[in-house]
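The structure displayed is predicted, hence computed values, not measured ones.
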Amino acid sequence: QVQLVESGGGLVQPGGSLRLSCQASGFTVDSYTIAWFRQAPGKEREGVSCIASSDGSTYYIQSVGERFTISRDLAKNTVYLQMNSLKPEDTAVYYCATGPITKLLLQPDDFPYWGQGTQVTVSS
């Protein structure tokens, strides 16, 4: 059964860094596209980054620029989101998601499998 478990969230000051982990089971992370989404209170769920299963190519939304890096460790069957230079606007619950797809996608409806989320709070 496909399962995703996020971890690594927490409270960090502006300018700080966090690394989120998405541990997968029931599939290998080089077989499906895996994406990170976030949702702040009162806002719709927003795609942040994704990594394609085919060649490991990556995509990021403009607002995160070069601050975030998505990567995968096949030996650990885990996908990471390294978040640097964090801003208060990055505060949200972060979710990883996947599905039987291989393209770079950041539309929530395209992803049938989701983790439970991990809270990221950026505040002084």
Side-chain angles (χ1 to χ4, degrees):
Q1 186 175 3
V2 173
Q3 291 185 324
L4 301 170
V5 179
E6 303 98 333
S7 62
L11 175 64
V12 64
Q13 294 184 345
S17 298
L18 286 172
R19 189 182 74 164
L20 306 183
S21 298
C22 175
Q23 187 173 21
S25 60
F27 72 103
T28 57
V29 296
D30 63 344
S31 62
Y32 291 167
T33 294
I34 297 180
W36 286 96
F37 294 81
R38 64 187 181 187
Q39 188 166 22
K43 299 183 68 176
E44 294 185 347
R45 192 162 297 188
E46 174 189 37
V48 177
S49 180
C50 60
I51 183 166
S53 63
S54 56
D55 59 0
S57 59
T58 58
Y59 174 82
Y60 306 89
I61 58 171
Q62 187 175 14
S63 62
V64 305
E66 297 181 356
R67 299 183 297 119
F68 291 10
T69 302
I70 190 171
S71 62
R72 64 189 182 188
D73 186 330
L74 300 184
K76 297 180 179 179
N77 207 35
T78 299
V79 171
Y80 302 97
L81 185 67
Q82 178 67 46
M83 305 186 297
N84 300 323
S85 301
L86 284 163
K87 304 174 181 179
E89 64 195 76
D90 296 317
T91 296
V93 177
Y94 283 72
Y95 302 87
C96 62
T98 193
I101 54 177
T102 59
K103 299 178 181 179
L104 291 172
L105 296 171
L106 280 176
Q107 171 57 239
D109 291 343
D110 292 327
F111 294 86
Y113 305 111
W114 294 79
Q116 293 299 308
T118 185
Q119 176 71 49
V120 172
T121 302
V122 185
S123 176
S124 298

N/O donor-acceptor pairs under 3.5 Å from side chains in residues 83-90, not counting sequence neighbours:
from: Asn84; atom 1: OD1; to: Ser17; atom 2: OG; distance (Å): 2.9
from: Asn84; atom 1: OD1; to: Gln82; atom 2: NE2; distance (Å): 3.0
from: Asp90; atom 1: OD1; to: Arg38; atom 2: NH1; distance (Å): 3.0
from: Asp90; atom 1: OD1; to: Arg67; atom 2: NH2; distance (Å): 3.2
from: Asp90; atom 1: OD2; to: Arg67; atom 2: NH1; distance (Å): 2.7
from: Asp90; atom 1: OD2; to: Lys87; atom 2: N; distance (Å): 2.8

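- Sorted by first and then second residue, the side chain to side chain donor-acceptor pair (under 3.5 Å) pairs with a member in residues 3-12 form an empty list; sequence neighbours excluded.
- What you find for Leu81 and Ser49 is that their closest heavy atoms are CD1-CB, 4.2 Å.
- With rounding to the nearest 0.5 Å, the separation of OH in Tyr59 from CG in Leu106 is 6.5 Å.
- Counting heavy atoms from C-beta outward, Leu11 and Gln119 have side chains that stay 4.5 Å or more apart.
- The shortest non-hydrogen separation linking Leu4 to Ala24 is CD2-CB, 3.8 Å.
- Under the 4.5 Å side-chain heavy-atom criterion for ILVMFWY residues, no single connected hydrophobic cluster contains both Val5 and Leu74.
- Side-chain contact check for Leu104 versus Ser57: some heavy-atom pair is nearer than 4.5 Å.
- Aromatic rings of Phe68 and Tyr60 (six-membered ring for Trp) have centroids beyond the 6.0 Å cut-off, not under it.
- Sorted by first then second residue, the disulfide bond (SG atoms under 2.5 Å apart) pairs that include residues 42-78, not counting sequence neighbours, number zero.
- By the neighbour-count criterion of 12 heavy atoms within 6.0 Å, atom CD of Gln39 is densely surrounded, having more than that number from other residues, nucleotides or ligands.
- Note on residues 83-121: pairs passing ring pair (Phe, Tyr, Trp, His ring centres under 6.0 Å), not counting sequence neighbours, are Phe37-Phe111, Phe37-Trp114.
- Remark: Cys22 engages Cys96 in a disulfide (SG to SG under 2.5 Å) (not counting sequence neighbours).
- Sorted by first and then second residue, the salt bridge (charged side-chain N to carboxylate O under 4.0 Å, His left out) pairs with a member in residues 104-119 form an empty list; sequence neighbours excluded.
- Enclosure of atom CD in Glu66 is not indicated, since only 12 or fewer non-hydrogen atoms of other residues, nucleotides or ligands lie within 6.0 angstrom.
- Residues Gly99 and Pro112 approach most closely at CA-CD, 3.6 Å, considering heavy atoms.
- Here the side chain of Asn77 pairs a donor or acceptor atom with the backbone of Val29 at under 3.5 angstrom.
- Between the CD atom of Gln23 and the OH atom of Tyr80 there is a distance of 8.0 Å, given to the nearest 0.5 Å.
- Put simply, OG on Ser54 and CG on Asp30 are 10.5 Å apart, with the number rounded to the nearest 0.5 Å.
- Just one of Thr58, Ile34, Ile51, Thr78 meets the side chain to side chain contact (heavy atoms under 4.5 Å, CB included) condition when paired with Arg72; it is Ile51.
- Proximity of a side-chain donor or acceptor of Thr33 to a complementary backbone N or O of Ala52 within less than 3.5 Å is not detected.
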